[in-house]
Asks: 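Take this structure first; my questions come after.
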Amino acid sequence: MSSPRKFHAVRGVRDILPPDTSLWNWFEATARDVLETYNFREIRVPVLEETELFARSVGAETDIVSKEMYTFTDRDETAISLRPEATASVVRAYIEHGMQMRPGLVKLYYAGPMFRRERPQKGRYRQFYQIGAEVLGSTDHPAIDAELIEMLTVLLERCKLDNWTLLINSIGDANCRPQYVQKLREALAGVKSQLCGDCQRRSETNPLRVLDCKVEADQVIINRLPQIAENLCEPCREHFAELRRQLDLRSIPYQVTPRLVRGLDYYMRTTFEITSPHLGAQNALAGGGRYDSLPEMLGGPAVKGIGFALGEDRFIEVIQSAGKIDATRPLDAFIVWMGAGAYPAAARLARRLRQQGLCVELPAEEPKLRKALSLAERLGARFAVIIGENEVREGAFAVKRLADAEQRKLAEADVAAFVKTTAPVAPRTGAQASQT
RNA sequence: GUGAGCGUAGCUCAGCGGUAGAGCAUCGGACUGUGGCUCCGAGGGUCGUGGGUUCAAAUCCCAUCGCUCACCCCA
């Protein structure tokens, strides 16, 4: 008789367990806090969309849409996909709900899982988590771009991360980019045979990608190719120059990176990325850019847009390796009761402490004192409260601080205050700690 | 989709032809109202799976699956 087979999480998706979930929750709370101070508000969009939405926005020819989406045919024959990113959904919702009628800029953020069927590796999962922000409205002023980037740097600061790099670029607009790409194609045609195999293929499929080639031998040739910066039309050139001024006035350091080419078709003009050296090959913590023609492409009004997405999995990875955030929630009190007569008092105390916001563990079965203290210690409890027949009779409980074994007798009504004040209720969140 | 490395207890790993091991962790005991230390004991494995070679395979060979990292691409 063979035992039933065990299941495991499907490839590329994973469980996130305590205590890691504490850090995830801390990070999400911190990100929300930062974004909301910049007057962004949350939008919740579905995980499912018509496949066509992604094809039209991200681009049918991109890797994401052409080979990485989880797609199925619904019972009414519509092609449905698990979202590989959320900008398309946000813009769809913006249009669907007539949000251009709202006053001023529409500033939205979202958080949740995305799905791409890629080969998993460090920092890359098939179900991964993004937090993203989008600004939609009638203006495309570079101050918006710069403020969005500033907001990201503030979040990095709150996470106590300083080892990161901001890369920026402009990839032109519908006016100058096609001309540049054409020029690049022509230049590539002449030198194609000297390039690596990947680049020979890219020369045809996605010429901009050649610029991002890492093969050493190709660099000399790549450096002689026409540069996007020198081929921007005047409005794009001015927009990019203003973006740099806007970053300068905010004292945000950046590297202009001509090779920064985003993989999604809807990007134009500003593109940016924040990278970290801790991440291995998948080193982008966040990336984004401007998408001024996307709303129209999706049948909406002629409004401009810009946004970014950050990879939560990667942020968590980097925050952990930096080791400067402690988001764990300690066990404040472990209640040890002895004798059936002590249990009602123990249960009453537990409830009372919890009402005060303290984290309390109350054993269901009568423990041996020695074992109970040992368990309290291994659970990381700050205090043990000992309630036996004696204590019930005296109306005073023994409260023991486990760190230094100091013990005192306190009336039931005084226990909560003592536990709370003796050492502040732990590093609730790094967010609050960093503000003090 | 391509390549490389690795699959032995919950975790970290040893064993590399001769009856499956250690440390850590878990549970119990020494220890009957006071934890951390120490000592003793227990549970937990079809050695990823399938086939082959051999008197004998965790060990050698083949296949397959999985994991990891990298390419590609991206958060």
Side-chain angles (χ1 to χ4, degrees), chain A residues 1-3 5-6 8-12 14 17 58-59 62-68 83-87 111-132 152 196-199 201-202 205-206 208-209 212-215 260-264 267 271-276 279-289 307-318 334 336-339 342 366-391 398-407:
Chain A
M1 182 93 119
S2 63
S3 57
R5 90 176 170 95
K6 288 179 182 166
H8 56 271
V10 309
R11 177 166 224 196
R14 58 181 182 152
L17 312 173
V58 175
T62 58
D63 283 4
I64 290 175
V65 170
S66 67
K67 52 191 187 199
E68 294 175 359
R83 64 182 183 192
E85 59 107 49
T87 299
M114 309 295 158
F115 306 85
R116 293 182 199 171
R117 200 183 183 291
E118 300 177 276
R119 191 82 165 251
Q121 72 186 75
K122 188 176 175 64
R124 193 172 74 182
Y125 306 95
R126 289 181 173 183
Q127 175 175 339
F128 59 103
Y129 296 81
Q130 287 189 336
I131 296 176
L152 263 173
C196 69
D198 280 338
C199 283
R201 182 176 47 76
R202 293 186 189 112
T205 58
N206 194 347
L208 289 171
R209 280 257 154 245
D212 200 25
C213 177
K214 283 147 198 135
V215 176
L260 181 64
V261 178
R262 311 256 82 215
L264 287 68
Y267 283 123
T271 60
F272 61 93
E273 192 167 296
I274 288 176
T275 63
S276 162
L279 285 170
Q282 307 305 317
N283 66 352
L285 274 173
F308 70 79
L310 65 84
E312 273 195 82
D313 308 77
R314 294 180 187 178
F315 257 82
I316 296 292
E317 180 84 29
V318 173
F334 187 98
V336 187
W337 57 276
M338 285 164 297
E366 180 176 348
K368 285 186 182 169
L369 178 59
R370 186 178 203 92
K371 287 176 70 170
L373 286 171
S374 165
L375 182 57
E377 207 256 322
R378 283 176 298 153
L379 292 176
R382 296 170 50 232
F383 291 88
V385 181
I386 301 164
I387 307 177
E389 311 281 2
N390 298 341
E391 283 76 11
V399 180
K400 179 170 191 170
R401 182 162 58 191
L402 293 173
D404 59 4
E406 188 189 302
Q407 187 170 320

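Small disclaimer: the values here were computed from a predicted structure and weren't measured. Residue numbering restarts at 1 for every chain, and letters A, B, ... go by the order of the sequence lines.
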Asks: With a 4.0 Å cut-off on heavy atoms, is A:Leu285 in touch with a base, just the backbone sugar-phosphate, or nothing at all?
Replies: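 Counting heavy atoms under 4.0 Å across all strands, the contact made by A:Leu285 is with sugar-phosphate only.
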Asks: Determine whether a donor-acceptor pair (N or O, by modelled atom type, separation under 3.5 Å) exists between the side chain of A:Arg382 and the backbone of A:Leu402.
Replies: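 It does not hold such a pair.
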Asks: Can you tell me the distance, in whole Å, between the OH atom of A:Tyr267 and the C1' atom of B:A75?
Replies: 9 Å
Asks: When rounded to the nearest 0.5 angstrom, what is the spacing between OH in A:Tyr129 and CG in A:Leu310?
Replies: 14.5 Å
Asks: Just how far, in rounded Å, is P of B:U34 from CG of A:Leu369?
Replies: 6 Å
Asks: In whole angstrom, give the distance that lies between atom CZ of A:Arg126 and atom P of B:C73.
Replies: 18 Å
Asks: On RNA chain B, compare the nucleotides closest to A:Glu377 and A:Ala286; which residue's is nearer the 5' end?
Replies: A:Glu377
Asks: Any side-chain heavy atom of A:Glu366 sitting closer than 4.5 Å to one from A:Met338?
Replies: yes
Asks: I'd like to check A:Thr62 versus A:Glu68 (side-chain heavy atoms, cut-off strictly below 4.5 Å). Are they in contact?
Replies: no
Asks: Can you measure A:Leu379 atom CG to B:A25 atom C1' for me and round it to whole angstrom units?
Replies: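 One finds 14 Å between C1' of B:A25 and CG of A:Leu379, rounded.
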Asks: Can you check the distance between B:G15 and B:A9, where both ends of the measurement are the C1' atom (answer in whole Å)?
Replies: 15 Å
Asks: Going by purine N1 to pyrimidine N3 plus the second Watson-Crick contact, or the G-U wobble pair, all under 3.5 Å, which nucleotide sits opposite B:G35?
Replies: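 Pair assignment: B:G35 / none.
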Asks: How is A:Glu317 classified with respect to the nucleic acid when contacts are heavy atoms under 4.0 Å: base, sugar-phosphate, or nothing?
Replies: nothing
Asks: Looking at the base of B:U2, is there any donor atom on it, or on the side chain of A:Arg119, that sits under 3.5 Å from an acceptor on the other one?
Replies: yes
Asks: Checking contacts here: which listed nucleotide (B:G35, B:C72, B:U34) is nearest the side-chain heavy atoms of A:Arg124?
Replies: B:C72
Asks: Which one, B:A75, B:A70, B:G1, comes nearest to the side chain of A:Lys122?
Replies: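 The closest nucleotide is B:A70.
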Asks: With heavy atoms under 4.0 Å as the rule, sort A:Gly280 into base, sugar-phosphate or nothing.
Replies: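 If one applies the 4.0 Å heavy-atom cut-off, A:Gly280 turns out to touch the sugar-phosphate alone, with no base involved.
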Asks: Nearest whole Å is fine: how far is B:U68 P from A:His8 NE2?
Replies: 11 Å
Asks: Base, sugar-phosphate alone, or nothing: which one does A:Glu312 contact when heavy atoms must sit under 4.0 Å apart?
Replies: nothing
Asks: Within the structure provided, determine whether A:Glu85 and A:Leu264 are in side-chain contact (heavy-atom separation under 4.5 Å).
Replies: yes
Asks: Is there a donor N/O on one and an acceptor N/O on the other, under 3.5 Å, for the side chain of A:Glu118 and the base of B:A75?
Replies: yes
Asks: Can you check whether A:Gly123's main-chain N or O pairs, donor with acceptor, with A:Arg314's side chain at less than 3.5 Å?
Replies: yes
Asks: Can you name the residues that form a side-chain contact (heavy atoms from CB on, under 4.5 Å) with A:Ala342, not counting sequence neighbours?
Replies: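 Applying side-chain contact (heavy atoms from CB on, under 4.5 Å) to A:Ala342 gives A:Trp337, A:Ile387, A:Val392.
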Asks: On the nucleotide B:A75, are OP1 or OP2 found under 4.0 Å from the side-chain N or O atoms that A:Arg314 carries?
Replies: no
Asks: Does A:Tyr129 stack onto the base of B:A75, taking stacking as ring centres under 5.5 Å apart and planes under 30° apart?
Replies: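 A:Tyr129 ring does not meet the centre or angle cut-off for B:A75; no stack.
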Asks: Remember a base hit wins even if backbone is also touched, and classify A:Ala372 as base, sugar-phosphate or nothing at under 4.0 Å, heavy atoms.
Replies: nothing
Asks: Record whether the side chain of A:Glu68 comes under 3.5 Å of the base of B:G1 through a donor-acceptor pair of N or O atoms.
Replies: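 By the distance-only test, no, there is no pair.
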Asks: For a quick check of understanding: with a heavy-atom distance under 4.0 Å over all strands, which category does A:Tyr125 fall into, base, sugar-phosphate or nothing?
Replies: base
Asks: Specify the separation, in whole Å, of atom CD of A:Glu389 and atom C1' of B:U34.
Replies: 17 Å
Asks: Have a look at A:Gln407 and say if it touches a base, only the backbone sugar-phosphate, or nothing, with a 4.0 Å heavy-atom cut-off.
Replies: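 If one applies the 4.0 Å heavy-atom cut-off, A:Gln407 turns out to touch a base.
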Asks: Rounded to whole angstroms, how far apart are CD on A:Gln282 and P on B:C73?
Replies: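 Going from A:Gln282 (CD) to B:C73 (P), I get 11 Å.
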Asks: C1' atom, B:G10 versus B:G43: distance in rounded Å?
Replies: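 Their C1' atoms lie roughly 12 Å apart.
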Asks: Any chance you could measure A:Ile274, atom CD1, to A:Phe315, atom CZ, to the nearest 0.5 Å?
Replies: 6.5 Å
Asks: Would you indicate, yes or no, if B:C73 has its OP1 or OP2 atom less than 4.0 angstrom from a side-chain nitrogen or oxygen of A:Arg116?
Replies: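 No, outside the criterion.
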Asks: From B:G33, B:C73, B:C69, pick the nucleotide closest to the side chain of A:Asp63?
Replies: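 Looking only at heavy atoms from C-beta outward on A:Asp63, the closest nucleotide is B:C73.
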Asks: Across all strands, who's sitting opposite B:U64 as a Watson-Crick or G-U wobble pair, both distances under 3.5 Å?
Replies: B:G48
Asks: Between A:Gly12 and A:Ile387, which has a closest nucleotide on RNA chain B that is more 5'?
Replies: A:Ile387
Asks: Roughly how far apart, to the nearest Å, are B:C62 and B:U53 at atom C1'?
Replies: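 My reading of the C1' atoms in B:C62 and B:U53 gives 11 Å.
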Asks: Paired with B:G18 by Watson-Crick or G-U wobble geometry, both distances under 3.5 Å: which nucleotide is it?
Replies: B:C55
Asks: Return the nucleotide paired to B:C27: Watson-Crick means purine N1 to pyrimidine N3 with N6-O4 or O6-N4, wobble means G-U with N1-O2 and O6-N3, both under 3.5 Å.
Replies: B:G41
Asks: For B:A4 versus B:C55, give the span between their P atoms, rounded off to a whole number of Å.
Replies: 34 Å
Asks: Describe the nucleic acid contact of A:Ala309 in one word from base, sugar-phosphate, nothing, applying a heavy-atom distance below 4.0 Å.
Replies: sugar-phosphate
Asks: Any side-chain heavy atom of A:Arg14 within less than 4.5 Å of one from A:Asp313?
Replies: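 They are in side-chain contact.
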Asks: So do the side chains of A:Val336 and A:Pro367 get within less than 4.5 Å of each other, counting heavy atoms only?
Replies: yes
Asks: Please classify the nucleic acid contact of A:Gly388 as base, sugar-phosphate, or nothing, using heavy-atom distances under 4.0 Å.
Replies: base
Asks: For B:G45 versus B:G21, give the span between their C1' atoms, rounded off to a whole number of Å.
Replies: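 Comparing C1' positions in B:G45 and B:G21 gives a spacing of 11 Å.
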Asks: Is the closest side-chain heavy-atom distance between A:Arg116 and A:Lys67 below 4.5 Å?
Replies: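 When only atoms from C-beta onward are counted, A:Lys67 and A:Arg116 do not touch, as no gap falls below 4.5 Å.
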Asks: Let's test this: given Watson-Crick or G-U wobble pairing with both distances under 3.5 Å, identify the partner of B:U2.
Replies: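 Checking every strand shown, B:U2 finds its partner in B:A70, with both distances under 3.5 Å.
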Asks: Write down the protein N/O and nucleotide N/O pairs, taken from nucleotides 26-29 of chain B, whose separation is under 3.5 Å; answer none if there are no such pairs.
Replies:
unit_1: B:U26; atom_1: OP1; unit_2: A:Arg378; atom_2: NH1; d: 3.3
unit_1: B:C27; atom_1: OP2; unit_2: A:Arg378; atom_2: NH1; d: 2.9
unit_1: B:G28; atom_1: OP1; unit_2: A:Lys371; atom_2: NZ; d: 2.7
unit_1: B:G28; atom_1: OP2; unit_2: A:Lys371; atom_2: NZ; d: 3.3
unit_1: B:G28; atom_1: O5'; unit_2: A:Lys371; atom_2: NZ; d: 3.4
unit_1: B:G29; atom_1: OP1; unit_2: A:Lys368; atom_2: NZ; d: 3.1
unit_1: B:G29; atom_1: OP2; unit_2: A:Lys371; atom_2: NZ; d: 3.3

Asks: Taking N and O atoms by type only, does the side chain of A:Gln121 place a donor or acceptor under 3.5 Å from a partner on the base of B:C72?
Replies: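 Side chain to base: pair present.
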Asks: Please give the distance between the P atoms of B:A14 and B:A75 as a whole number of Å.
Replies: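 Each nucleotide's P atom is 39 Å from the other's.
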Asks: In whole angstrom, what separates A:Asn390's CG from B:U34's P?
Replies: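 After rounding, the reported distance stands at 12 Å.
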Asks: Which value, in whole Å, describes the distance between the C1' atoms of nucleotides B:C37 and B:U46?
Replies: 40 Å
Asks: For the C1' atoms, the ones on B:G48 and on B:G66, what distance do you get once it is rounded to whole angstrom?
Replies: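 Each nucleotide's C1' atom is 7 Å from the other's.
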